[in-house]
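Here the structure is a predicted model, which means the values were calculated and not measured.
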Amino acid sequence: MANDERKRRLGSADRDLVALGIATAAIILFVATGSSVLPGAINAIVSGGAGPDHLLVNALLLNVVLVIFGWRRYRELRDEITERRSAEALARELAEIDPLTGCLNRRSMTEATEQLRESAFADRMAIAYCMIDFDNFKNINDMHGHSIGDSVLVTMAQRIRESLPKQAQLARLGGDEFAFACPYDPATRDRIDDLIIRLFEQMARPFEMETVTLDATISIGVATDHDEHGYNPDLASAEVLMQHADIAMYTAKKQGKNRYFWFEPTMENELRFRNELETGIRRGLAVGEFVPFYEQQVDLESGDLVGFEMLARWRSPDMGLVSPEIFIPIAEEIGLITDLSDSLMDQAFIDAREWDESLTLSINISPIQLRDPWFAQKLLKMLVKHNFPAQRLEIEITESCLHDNIGLVRSIIMSLRNQGVRISLDDFGTGYSSLEQLRTLPFDRLKIDRSFVGELKNPNANSKIVDAIVSLGRGLELPITAEGIEDQAILDALKKMGKLKGQGYLYGKPESADQVRKRLAEAGRLVAGPQEPAKTEVEENSAPTMPKIANM
Ligand code: C2E
Ligand code: MG
Ligand code: MG
């Protein structure tokens, strides 16, 4: 609308060039009247003859006025047109350019890509469309503020721009997402790979901001209008290129970030599957499809059952019993992990209240949950609601929790410990916790990851890592639980290492609440004495009977 108005006014300004016409006509008239008035006037001055006709003199004066008016109006209009044209150029620039980084914006990128693609097609070249996304940019904004975040984006844009050939078009699509389109010879697609590797090198340089130095990584997805048979018209539109690059970038994120992928058609199916999972999780949470399973934890020396680790399961109507390794990361990503965990904990506290009071309950907590400053209070409130003793609860956090906001994590741990809850460091050895963190954070237990414990399978294997972790635990006076005890050889090796707790398939796979109740009822370890479980179900462990290695 505003654009039309501007055009209209510009048009009328152009038409006002008529004023120039008037001035020109006035000049011609001036020459004509002047040529008859001036000789008469000179004659009258020199020889005292009769002066020129008064009417003509008046006409001449009027002419002079018209010339001056016409000329001034023409100058004014010229200035106005120049001003309007530059205002219009500025408005167009603002509509097409991202003001922070000077790159194209999303809207203009579509047009620029289309043009680049058409000219590449005419030159028998291919086009690569690359989507670049900063990994964990939100953390930078959250931890260092938006102005540092902005500076990082500006530096990022600069580094990308410097790496690109001059015919490439670069855009900031929004937030921390950039894209570039670049023509290339389809016979040498690896040039694009080289270009992307250069980009990764650029991003690996620290971002030196005024107050902080930051490290960053990016994920990239690339799409092209060529497939293995050459140019493919189905792929040849800016819209399809953008969509494919987006899917490839998303795959790079899923595969662990800091990497790139060329788009492949199978990725679309994976994305669809992932969307279905998301919808399924939302729906399943609302109708109570997520349930706690329990894995026995045993004192290795005595063989006594000491407690259970709660492990989430999804009883999906479409997929059966789904592993937490599939749905927990998605629940974290879509912001449902707290609701999911709360629902599981509610069920677990109800289940565990029936168990013998000597049995502990361990619960896994996601790093996302530990970003909530009220986490400890909410958990303690839940314990009160279920009248569940804090001393029976152990929460398991992984090393990745320690990278987020260590101050907050420490204060949460302290609050919980003050109330008697114990804290274990889960999957120890797979992350990057420093000895300093182990010394200063008041953990109650280390859990050795099953990938290390598994090495003890071979009786001749000497697992230096397990040995080292056990010695570390002894040095720091931290009790240790070994995960993944799958057979007798592992158990024997661990027993030689000292007084440990353990869990693993040797003692049984994770079981439903009903199966646990049945197991405990048989061993007389239910609070209300032995009782029959409500019903027996077919569970993930299709073996008809559980091994009864743990002493009840
Ligand atoms: P985790 O806490 O390390 O749990 C132990 C995992 O090892 C469980 O896998 C368990 O079934 C498996 N496992 C136990 N013994 C053996 C064995 O002898 N051999 C082998 N190969 N595996 C064994 P699961 O249940 O699939 O859970 C995977 C991970 O998902 C858990 O690892 C935990 O990190 C996470 N998780 C499970 N439930 C929850 C939850 O409610 N909340 C959160 N945030 N994470 C959860
Ligand atoms: Mg665990
Ligand atoms: Mg673990």
Side-chain angles (χ1 to χ4, degrees), residues 1-4 6-7 87-134 137 150 153-154 156-186 189 191-192 195-196 199 218-227 230-253 260-265 267-268 271-272 275:
M1 196 65 191
N3 224 8
D4 290 350
R6 216 177 298 125
K7 271 188 190 151
E88 198 186 46
L90 184 68
R92 200 180 318 122
E93 193 178 295
L94 286 177
E96 289 177 354
I97 303 288
D98 166 52
L100 179 67
T101 58
C103 301
L104 297 178
N105 60 23
R106 182 181 285 275
R107 186 146 50 113
S108 51
M109 183 59 174
T110 311
E111 208 175 301
T113 306
E114 206 50 66
Q115 282 170 8
L116 206 60
R117 196 193 59 70
E118 278 167 17
S119 71
F121 177 72
D123 297 341
R124 297 178 172 279
M125 298 280 273
I127 191 106
Y129 188 95
C130 239
M131 192 86 90
I132 306 167
D133 195 277
F134 208 96
F137 186 71
D150 283 356
L153 291 175
V154 171
M156 183 172 169
Q158 256 163 17
R159 291 186 187 178
I160 302 175
R161 199 178 284 120
E162 282 162 15
S163 311
L164 295 182
K166 66 177 185 313
Q167 68 272 34
Q169 292 279 14
L170 173 64
R172 178 175 168 228
L173 302 181
D176 57 346
E177 202 172 69
F178 289 81
F180 70 82
C182 178
Y184 70 96
D185 179 351
R189 189 172 110 156
R191 289 272 165 82
I192 298 293
L195 170 58
I196 293 171
L199 271 179
I218 49 172
S219 299
I220 295 183
V222 204
T224 169
D225 57 355
H226 279 51
D227 58 20
Y231 175 76
N232 180 344
D234 290 343
L235 307 176
S237 81
E239 206 177 313
V240 171
L241 286 167
M242 285 167 122
Q243 194 189 346
H244 285 178
D246 202 24
I247 292 172
M249 194 269 289
Y250 190 77
T251 307
K253 292 267 182 196
Y260 79 100
F261 281 105
W262 285 84
F263 170 79
E264 283 170 27
M267 290 176 180
E268 260 176 313
L271 189 70
R272 200 167 304 125
N275 287 339

TODO: Side-chain contact test, heavy atoms from C-beta onward, threshold under 4.5 Å: evaluate it for Tyr184 versus Leu195 and give yes or no.
DONE: no

TODO: Test side chain to side chain contact (heavy atoms under 4.5 Å, CB included) on Leu153 and Arg172 and set out the steps.
DONE: CA-CA 9 Å; Leu153 291 175; Arg172 178 175 168 228; 3.6 Å; yes

- [ ] Search all heavy atoms of Leu170 against all heavy atoms of Ala157 and return the closest pair with its distance.
- [x] CD2-O, 3.9 Å

TODO: Please report the C-alpha distance between Ser108 and Gln169 in whole Å, then the side-chain angles of each, then the deciding distance to 0.1 Å, and finally whether the side chain to side chain contact (heavy atoms under 4.5 Å, CB included) criterion is met.
DONE: CA-CA 10 Å; Ser108 51; Gln169 292 279 14; over 6 Å; no

Task: Reported OG1-to-CD1 distance for the pair Thr113 and Ile127, which is rounded to 0.5 angstrom - done: 7.0 Å

Open item on the list: side chain to side chain contact (heavy atoms under 4.5 Å, CB included) for Lys253 and Met249? Distances and angles first, verdict last.
Closed with: CA-CA 6 Å; Lys253 292 267 182 196; Met249 194 269 289; 3.9 Å; yes

- [ ] Considering non-hydrogen atoms only, spot the tightest contact between Asp225 and Leu235 and give its length.
- [x] CA-CB, 3.8 Å

Task: Nearest heavy atoms of Leu116 and Cys182, plus distance in Å - done: CD2-N, 4.2 Å

Task: Heavy-atom closest pair, residues Arg161 and Cys103 - done: NH2-SG, 3.5 Å

TODO: Indicate the atoms forming the closest heavy-atom contact of Ile220 with Leu199, along with that distance.
DONE: CD1-CD1, 4.1 Å

Task: Candidate pair Tyr250 and Asp133, rule side chain to side chain contact (heavy atoms under 4.5 Å, CB included), full reasoning - done: CA-CA 9 Å; Tyr250 190 77; Asp133 195 277; over 6 Å; no

Task: Any side-chain heavy-atom pair of Pro183 and Asp123 under 4.5 Å - done: no

Open item on the list: Is it the case that the side chain of Asn105 and the backbone of Ala95 share a donor-acceptor pair, with hydrogens and angles ignored and the cut-off at 3.5 Å?
Closed with: yes

Open item on the list: Looking at Arg159 and Glu162, is there a salt bridge between them, counting it only when a charged N and a carboxylate O are closer than 4.0 Å?
Closed with: no

Task: Thr224 side chain reached by Pro186 side chain, heavy atoms, under 4.5 Å - done: no

Open item on the list: Nearest 0.5 Å, please: how far is CE in Met267 from CG in Asp246?
Closed with: 12.0 Å

Open item on the list: Below 30° counts as parallel, above 60° as perpendicular, anything between as tilted: where do the rings of Tyr231 and Phe121 land?
Closed with: tilted

Open item on the list: Taking side-chain contact (heavy atoms from CB on, under 4.5 Å) as the criterion, tell me which of Ile218, Thr101, Ile132 meets it with Ile160.
Closed with: Ile132

Open item on the list: Under the rule for ring-ring contact (aromatic ring centres under 6.0 Å, His included), what residues qualify as partners of Phe263, not counting sequence neighbours?
Closed with: His244

Task: Heavy-atom side-chain contact between Ile247 and Glu268 under 4.5 Å - done: yes

Task: OG-CD distance between Ser163 and Gln158, expressed to the nearest 0.5 angstrom - done: 11.0 Å

Open item on the list: Other residues, nucleotides and ligands only: do more than 12 of their heavy atoms fall within 6.0 Å of CD on Glu111?
Closed with: no

Task: Reported OH-to-CE distance for the pair Tyr129 and Met242, which is rounded to 0.5 angstrom - done: 3.0 Å

- [ ] To the nearest 0.5 angstrom, please state how far the CE atom of Met109 sits from the CZ atom of Arg106.
- [x] 10.5 Å

